[in-house]
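Presented below is the structure to which this report refers.
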Amino acid sequence: MNTPTVEQLRAAWSAAPYTTREILENLYGADIKADIRDRVKTYKDALCFTTSYRCQINDGVAAFEELQTVVKALNEGWTPDWSNEDEKKWYPWFGFRDGRFVFSSVGCVFTHSFLGSRLCFRTRELAEYAGKQFEDLYNQFLSL
């Protein structure tokens, strides 16, 4: 079996998932790491570099976490009371067109939901705003 060159190891390290990178570093030493400028090209790279647990999360799950933050901010402290059957809970509704989810309308649920709880808003206007303003983020989430 041929021993890989440093260049081959660096290429393998760069293409590997973060957990595999640790194994390669343990086997071949830290000098196989690529230059930091080659390792951090995107915001997600920076998150993975500084907070290793995020590296295990796919984009859809990360988008869900971001949407939770958006919903919390827009609702200004309001949280749905799932035991209150009279309280409306609004959510953006998306259609699928040209290979992606596109905002199309808003929906409303009371306590009973056939699809489980949603990222919901206290008003129709907030749900519409979120669906339009954060369509790309919803698209990442819905594309799981």
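Just so we're clear, the structure is a prediction, and the values are computed from it rather than from any experiment. Note that these values count all heavy atoms, side chains included, but never hydrogens, waters or copies made by symmetry. Position 1 is the first residue of the sequence; numbering continues from there.
With Ser104 contributing its side chain and Trp93 its backbone, the two residues share a donor-acceptor pair below 3.5 Å. Within the 3.5 Å criterion, the main-chain N or O of Val102 finds no donor-acceptor partner in the side chain of Glu135. Remark: the backbone N or O of Phe134 is not paired with any side-chain donor or acceptor of Asn139 at under 3.5 angstrom. A donor-acceptor distance shorter than 3.5 angstrom exists from the side chain of Asn84 to the backbone of Asp86, with no hydrogens or angles considered.
In this structure, the side chains of Leu119 and Tyr91 stay at 4.5 Å or more apart for every pair of heavy atoms. Between Asp136 and Arg100 the shortest side-chain heavy-atom distance falls below 4.5 Å.
In this structure, the ring-ring contact (aromatic ring centres under 6.0 Å, His included) partners of Phe101, at least two apart in sequence or on a different chain, are Phe96. Partners of Glu7 according to the side chain to side chain donor-acceptor pair (under 3.5 Å) rule, which considers only residues two or more places apart in sequence or in another chain, do not exist here.
A cation-pi arrangement, defined by a distance under 6.0 Å to the six-membered ring centre and an angle within 45 degrees of its axis, is absent between Lys72 and Trp78.
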Notebook entry, point to check: Stepwise, does the ring pair (Phe, Tyr, Trp, His ring centres under 6.0 Å) test hold for Phe94 with Tyr138?
Noted result: CA-CA 9 Å; Phe94 296 85; Tyr138 273 100; 4.9 Å; yes

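Pairing each heavy atom of Cys120 with each of Trp82, the nearest pair is SG-CZ2, 3.9 Å. For the pair Tyr28 and Pro4, the tightest heavy-atom approach, listed with the atom from each and the gap, is OH-CG, 4.1 Å.
The line from CD of Glu76 to CG of Leu126 is 7.5 Å long, rounded to the nearest 0.5 Å. Of the inter-residue distances, the one linking Gln133 atom CD with Glu128 atom CD reads 12.5 Å to the nearest 0.5 angstrom. With values rounded to the nearest 0.5 angstrom, Asn2 atom CG is found 8.5 Å from Gln8 atom CD. Rounded to the nearest 0.5 Å, atoms CZ (Phe141) and CZ (Phe64) are 5.5 Å apart.
Taking a cutoff of 4.0 Å between a charged side-chain nitrogen and a carboxylate oxygen, Lys89 and Asp81 do not qualify as a salt bridge. Between Arg122 and Glu87 there is no salt bridge, since none of the side-chain N atoms of the basic residue sits less than 4.0 Å from a carboxylate O of the acidic one.
Transitive grouping of hydrophobic side chains (ILVMFWY, heavy atoms separated by less than 4.5 Å) brings Tyr129 and Leu142 into a common cluster.
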